[in-house]
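One structure below.
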Amino acid sequence: MKILKLPKEKLDFFASVVQQFGEVHAPVEQDGKYVFQRLSRWSEARLDYDRTILPPKKYTLPPRETLFQYRAGQGYLPSTEGLDKRIVLMGVHACDVYGLNLLDQVFSGRYDDPPYQTRRKNMAIIGIDCRPDGSCFCRSMRADFVDRGFDLFFYDIGDYYLTLVGTALGDDMVLATGPLFEKASPEDIDEYKRRSSSKRQAFQLEVEIRDLPEIFEMEYQSGIWDELGEKCLSCGSCSMVCPTCYCHDVADDAQLGSRDGGRNRSWDSCLFAAHAAVAGGENFRNSRASRIKLRYYHKHRGFVAEYGRPGCVGCGRCIAACPVEIHIGDVIAKLRGIQNAPSR
Ligand code: SF4
Ligand code: SF4
C-alpha cells in the first residue's frame, strides 16, 4: 500500500479535482446533527463530525427503490435509474467502511444483488480518521482501523493528512491532483503512530467480545430479553441507523384492473411487529422480546457463524437513536453478569 501525505490547506483543491471522478458527497451539519449529502461547495463539508444520522448504506441500499417494472406487451423492464451515477463519498470513518465491507459480503455472496453491487462499484470511498466519543466502541469491535474497502484514507498528523492509497482508483485520484501529494517521511510515520496510540486511550466505552457468541448461546432463555421487550418500543430506529442492518421488504405496486406495475424494495426492521408475519395470520415473532432478541443474536452470533466476525462495528448510532435508552454495551454487560457497560 502506498503511503503519502497531503497538506491540509490543499484539501479543498483536492476536493475540486476529484469532482471529475463523480459527485462529491461528504458529512454536512443539519440542526446540530450530521448527514452525508452532495456538496454544493466545499465549505459545507464537516470532516470533524462525530457520526452521521444514516450510514453510507443509504447510497448502496437506498431506503426505497424500484427493482423492476412490468408493462402489458413489454414484459419485464429492469430499473436502472441512478445506477450509473458515480459518487465520491468523502470523510467516511473506519467503522462505516467496515460496515460497507460487511454489506458487500452479504450482497455478493449467497444473496447476489446486482443493484447493490453496481452502486457500490460506482462509489469511491475517501476515509478519514476520527476521535471517539462516549458512544463509540469500534475499537472493541476491531473496526477502528480498516485495511481495505476504501480508495484513499486520511489520518490527521498536524499540518498534513497521512494518506493510505487503497486502490488503483485512489492512485488515479492522487495522479489527477498533480504534485499535491508528497512522500511521507519517517517523522510523519512517527506522528501517525503517536496519534494512533493517543486515540486508543481516548475510548470511553469498552465492550468485551471474546467468547460473546458462546455467552449468547448460554443466555438464550435469559430474563434479560423479557426486560428489554418490556422497554423496547419496536420503533426500528436502531435498525434504520445501523450500518450493517439490511432487512428489507419487497412488494409489488400494482393497480387493480391494470396489467402494469412495479416491484419495490424498502428498508424494513426485524423490530417491527409485522416483520415475521406470514399469510394465514401467523407471526413467528409476535412478542417484542423475541424481536429484540433476534436482532442481538443475528449481530453477535449469526454474523460470526456466517462471516467470521460480529455484525456490529461499534459506531454507537443505535445508542444515540434509541428513544428509551437501550444501550448495546449495557445489554452485553448484563448478559455477562456485569451491571453496566464498562468505561475505560
Ligand atoms: S448495532 Fe449499533 S453500534 Fe453496532 S453497528 Fe449497528 S448501530 Fe452501530
Ligand atoms: S431504537 Fe430502541 S426502542 Fe426503538 S426498536 Fe430499537 S431498541 Fe427498541
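Whatever order the structure lists them in is the order used to number ligands and atoms, beginning at 1.
- Taking a cut-off of under 4.0 Å to the non-hydrogen atoms of Phe137, the atoms of ligand 1 that pass are 3 (S).
- Surrounding CG of Asp159 are at most 12 heavy atoms belonging to other residues, nucleotides or ligands under 6.0 Å away.
- More than 12 heavy atoms of other residues, nucleotides or ligands sit less than 6.0 Å from atom CD of Glu214.
- Ring pair Phe153/Phe150 is perpendicular by interplanar angle, where above 60° counts as perpendicular and below 30° as parallel.
- Ring pair Tyr49/His93 is parallel by interplanar angle, where below 30° counts as parallel and above 60° as perpendicular.
- Under a cutoff of 6.0 Å and an axis angle of 45°, Lys293 and Tyr220 form a cation-pi pair.
- Each protein N/O/S atom under 2.8 Å from atom 4 (Fe) of ligand 1 was counted, for a total of 1.
- Using the six-membered ring where Trp is involved, Phe14 and Phe154 have ring planes that are perpendicular, over 60° apart on the 30 and 60° scheme.
- Remark: Arg119 is not positioned above the aromatic ring of Phe107, lacking an NZ or CZ atom under 6.0 angstrom from the ring centre and at most 45 degrees off the axis.
- Surrounding NZ of Lys8 are more than 12 heavy atoms belonging to other residues, nucleotides or ligands, all under 6.0 Å away.
- Although no hydrogens or angles enter the test, the distance criterion places a donor-acceptor pair under 3.5 Å between the side chain of Thr163 and the main chain of Tyr161.
- The local environment of CD in Glu9 is crowded, with over 12 non-hydrogen atoms from other residues, nucleotides or ligands closer than 6.0 Å.
- Note on atom 8 (Fe) of ligand 2: protein N/O/S atoms under 2.8 Å are Cys232 SG.
- Proximity of Arg295 to ligand 1 is established by a heavy-atom distance of less than 4.0 Å.
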